[in-house]
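These notes concern the structure reproduced below.
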Amino acid sequence: MAREECKALLDALSKATACYHHLVLTVGGSADSQNLREELQRTRQKAQELAVATGAPLTTALRDKRLGAEERAEFQRLWVAFSGCLELLEADMRRALALGTAFPLHASRRPLVRTGVAGGAAGVAARALSFRSLPHEAERDFVVEDPCELEWEILQVGKMIHDMEMKVNVPRWTVQARQATGAELLSSAGVSTSGFVSVEERTGPCDPSKALAATVFSAVLLVAVALAVCVAKLS
């Protein structure tokens, strides 16, 4: 049950960090707005809550000496994915701080940067996170967050990463993936090309006698061409 719970929490955290990453990329563009900044705050807060909720059971499980080898390997894979989400979240929070400082929300009524991308950001959050996992608060006045508050949150995430590495030592290079590198891409490519017939199936097996005849014919043709060139030069 603990493993399934960790998987569910990690899945929600992955969606939250992916959503936050996508939203950060639109800061300062033509889609930037008060709604985007509010979604950024909500998604970041939700990601941090999920990170705390995910890290606690993972730490407890990996520090359990009675854990079997197979279960420990599975929890270690979850741990590596969890640490990757935290590192991505921290990097995107730093990017959001830099972009938010460079492009203040109320600096101008016009789009700050003409990127060619237009539209609201609420749809992005709605697609990446369900309303159940990202509850929207009641109607309230939006308050532009203080950059110092975001800096403090960045420090907290960095501290979480440091504490995580100190409590549980799981070197990434020792964790084996359950699938080979690029297995998902290969499987999707296999599905898309399943309707095609291989060359051997269409043409049949290669006949050695026919191959030899083709080789002899090609050689004779080359000799004939060479002789024709020599005759043309001599004449």
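In this text the structure is predicted, and so the values were computed from the model without any measurement.
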If you compare all heavy atoms of [X] against all heavy atoms of [Y], which two are closest, and at what distance to 0.1 Å?
X: C85; Y: T17; value: O-CG2, 3.8 Å
X: L67; Y: A61; value: CD2-O, 3.4 Å
X: P57; Y: L9; value: CG-CD1, 4.4 Å
X: V24; Y: L40; value: CG2-CD2, 3.7 Å
X: C19; Y: T43; value: SG-CG2, 4.0 Å
X: G28; Y: D32; value: N-OD2, 2.8 Å

Taking C-beta and beyond as the side chain, do [X] and [Y] meet within less than 4.5 Å on heavy atoms?
X: Y20; Y: L88; result: no
X: S83; Y: I161; result: no
X: M160; Y: M164; result: no
X: V27; Y: R37; result: yes

I'd like to know if [X] pairs up with [Y] as an ion pair, taking the criterion as any Lys NZ or Arg NE/NH1/NH2 lying under 4.0 Å from an Asp or Glu carboxylate oxygen.
X: E74; Y: K7; value: yes
X: D163; Y: K159; value: yes
X: R3; Y: E71; value: no

TODO: Give me the one residue out of T54, L10, L62 that meets side-chain contact (heavy atoms from CB on, under 4.5 Å) with L78.
DONE: L10
[atom2] on [Y] to [atom1] on [X], rounded to 0.5 Å:
X: E151; Y: R94; atom1: CD; atom2: CZ; answer: 9.5 Å
X: E153; Y: L89; atom1: CD; atom2: CG; answer: 9.5 Å
X: L50; Y: Q45; atom1: CG; atom2: CD; answer: 12.0 Å
X: R44; Y: L23; atom1: CZ; atom2: CG; answer: 11.5 Å
X: T60; Y: K167; atom1: OG1; atom2: NZ; answer: 8.5 Å
X: Q156; Y: M93; atom1: CD; atom2: CE; answer: 9.5 Å

- [ ] Give the cluster check for V168 versus V157: same hydrophobic cluster or not, with ILVMFWY residues linked at side-chain heavy-atom distances below 4.5 Å.
- [x] yes
Open item on the list: Do V52 and L13 land in one hydrophobic cluster if side-chain heavy atoms of ILVMFWY residues count as linked below 4.5 Å?
Closed with: yes
Task: For R95, all residues meeting salt bridge (Lys or Arg N to Asp or Glu O under 4.0 Å), sequence neighbours excluded - done: D92
- [ ] Return the set of residues passing salt bridge (Lys or Arg N to Asp or Glu O under 4.0 Å) with R63 (not counting sequence neighbours), or none when no residue passes.
- [x] none
